[in-house]
Amino acid sequence: MIKIQSTLPATGNAYILFGFEAIQARPNLDPYSSTLRMNDETGQVFTSDVHIKHHVRRGLKAYAVAENLPHAAETVFYEKEDEAGNPCNFDLRLKRIREVAGISKPDMKDALNNTLDLPLFGYVHAIKGENFNVTNAANTLFRPVTFHDCEIYSLGRNNAFPTLDNKTLKIKDSAGSATVDSLEYGFFLALWEINLNMLRVNASASKLIDWEKAGAAGWFEALVNGMWRAYSSDRYPSFTQRSQFAQFVLGWMPEGEVSYANPASLYDRLEEKRINTHSGAVAALEKVLPDFLSGWGCSGSNVFVKHRAANFPVALPGAEA
Amino acid sequence: MSILIFELAGEMAMWRNVYESMGSFSCLGPAPGNLAGVIGAALGFASPRSQAAEKPDAKQLKSWDKAGLPWPVSPELLAWEEANDFHVACRWIGKFPKRVPWNINGCKEINRSDNLRLQQQVILDPAYEVAAALPAEEAERVAAALRKPAFPLCLGASFCRAIVRNVRIEDAVPESPFWAFRADGGALGEATPFSRHIVNPDSCFERIRSDGYWIYPTPDQPGVIAAEPLVRGWVRAGE
């Protein structure tokens, strides 16, 4: 469990840099083209805020279970299916959240106050007569991206059960084979921005994490543990996600002007742009990460969370959580 | 009057076009109403239908809803725009403008187990310089708010976080052929509908009025040096 001991201020923006690696994986394919999302000029692979929040939601639920929060298995609003595999919609989720929270007198803020994902990531309560919106308090500032050029392989795959042609009732000769692009190795950096005032607005009436007792630190704890769990102990077993691993998480509260540098721009500072291994990524980050963090106003005195995987030796500012 | 100037940037922008039914193709730059919204978020003016609204008038919201205004603009922001006679100018200062597809699997309204797929065309690496004419004291207050905003700042959509840099106060708007200019007739070049907040929505139950276009000159299609690049950023219904 990653613990946050610091007290955070009431206003301003905090930042979290989350590093994770993907090995022989296909993270966040374009839903229309089913190809990896890439910068064609630099060979950097990127994902979307939607993608990483989707995974963090799974981690939030795992965190809720580990922390024994009330109705832990139903602490995430956006679930596509119920426990029996039936599709859900907005109304069904709202009904379910009210059931598990033991709410007999419905209130329009029930979903917001009884889940972990909505105060963090926001939502629109689009119900006529009681519509309201919750702005996301936490979002990636830039698309999560590899800081280096990546090797992409085209892999041919065969399906064990080729498809049947419904008209001729014969098995298609070429059916079941496909060529897919696969990321050989990528070290992703996701820079999150969290607006502390917005977090207070969204989370102060939560029934899951008591704002009066835990404050913003309690919510940051949920967020970073959710992030970490989604990419470590509670990874999704799909081909696209199972080989992605959390490497480090670092949170800080800068004062004054910052560089606003996109982690993607670290590419420009690399001597060897193409990185294919964990050791190569670590060696490169040892060189380029300190200046990047310094530009972002990150120093030992303002770091409120720092956690590294056992195989990530790069020195980071602040005390280990 | 002081001229508050700041740079507005980010990784991508999604300035929705009010004339495009799918709302999936971003204009190159913000309309005056969008810029007022950025300033309002920095100052902490919440929409009454937002979780951040402290004591929304439930009766008024109900009547607005009934009249066809389910998502009203912050009354504080509207009052601020009129009281300070908010005037604004904006210019593109980025590289050659580029739109890219931004396709995502959304999950906002799920009635089937399939993913809800959203296809959007966003502006990549947007960068603007914004100038706002305000009373001196108010310009200082907004400058401080932009440096430490009350709410997250966005470039048209909440997934496009904004970065505000180089906030300063000057005596005049810098001369440039790239300030967006208003065109009443047909659109040309990078046209953004000229949308401004209606400060008295009670009288018409509309949030914005779009009349004409705000044309953003770009490096390949430069404009002309206008005598007055500032435009009034608000409008009163019935004018």
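First the proteins, then the strands, lettered A, B, ... as listed; each starts at 1. Everything numeric in this text was worked out from a predicted model, so none of it was measured.
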Colleague: So which part of A:T135 gets closer than 4.5 Å to some heavy atom of chain B, the side chain, the backbone, both or neither?
Modeller: side chain
Colleague: Sort by residue number and list every member of residues 196-204 of chain A having a non-hydrogen atom under 4.5 Å from chain B.
Modeller: A:N197, A:M198, A:V201, A:N202
Colleague: May I have the step-by-step check of side chain to side chain contact (heavy atoms under 4.5 Å, CB included) for B:W71 and A:N133, ending in yes or no?
Modeller: CA-CA 9 Å; B:W71 297 102; A:N133 76 292; 4.0 Å; yes
Colleague: Counting N and O atoms only, with roles assigned by atom type, does the side chain of A:N131 sit under 3.5 Å from a partner on the main chain of B:P70, one being a donor and the other an acceptor?
Modeller: yes
Colleague: Donor-acceptor pair, distance only, cut-off 3.5 Å: does the side chain of B:R161 make one with the backbone of A:T140?
Modeller: no
Colleague: Considering all heavy atoms of both residues, which atom of B:V164 and which atom of A:Y260 are nearest to each other, and what is their separation?
Modeller: O-CE1, 3.8 Å
Colleague: Go through the atoms of A:A205 and report whether side chain, backbone, both or neither lie under 4.5 Å from a heavy atom of chain B.
Modeller: neither
Colleague: Can you measure from CG (B:N103) to OG (A:S48) and round to the nearest 0.5 angstrom?
Modeller: 10.0 Å
Colleague: Does A:R37 make a cation-pi contact with B:W102, if we ask for NZ or CZ under 6.0 Å from the ring centre and within 45° of the axis?
Modeller: yes
Colleague: Under 4.5 Å heavy-atom distance to chain A, tell me which part of B:K148 shows up: side chain, backbone, both or neither.
Modeller: side chain
Colleague: About how many Å separate CD1 of B:I104 and CG of A:N28, when rounded to the nearest 0.5 Å?
Modeller: 9.5 Å
Colleague: Would you mind telling me which of B:S50, B:P149, B:C160 has the largest number of heavy-atom pairs within less than 4.5 Å of chain A?
Modeller: B:S50
Colleague: Hey, does the side chain of B:Q119 reach the backbone of A:Y32 with a donor-acceptor pair shorter than 3.5 angstrom?
Modeller: no
Colleague: First locate atom OH of A:Y123, then atom CD of B:Q51, and finally report the distance between them rounded to the nearest 0.5 Å.
Modeller: 8.5 Å
Colleague: Using non-hydrogen atoms and a 4.5 Å limit, figure out which bit of A:F121 sits close to chain B: side chain, backbone, both or neither.
Modeller: neither
Colleague: To the nearest 0.5 Å, tell me how far B:L124 CG sits from A:R143 CZ.
Modeller: 5.5 Å
Colleague: Could you tell me which portion of B:L155 (side chain, backbone, both or neither) has an atom closer than 4.5 angstrom to a non-hydrogen atom of chain A?
Modeller: neither
Colleague: Quick one: CD1 on B:I163 to CD on A:E193, what's the gap to the nearest 0.5 Å?
Modeller: 7.5 Å
Colleague: Please test A:L141 against B:E11 for side chain to side chain contact (heavy atoms under 4.5 Å, CB included), starting from the C-alpha separation and ending with a verdict.
Modeller: CA-CA 8 Å; A:L141 185 59; B:E11 192 175 38; over 6 Å; no
Colleague: Quick one: what part of A:A264 sits under 4.5 Å from any heavy atom of chain B, side chain, backbone, both or neither?
Modeller: neither
Colleague: B:V167 versus chain A, heavy atoms under 4.5 Å apart: side chain, backbone, both or neither?
Modeller: neither
Colleague: Using only non-hydrogen atoms and a strict under-4.5 angstrom cutoff, which residues of residues 106-120 of chain A touch chain B?
Modeller: A:K109, A:L112
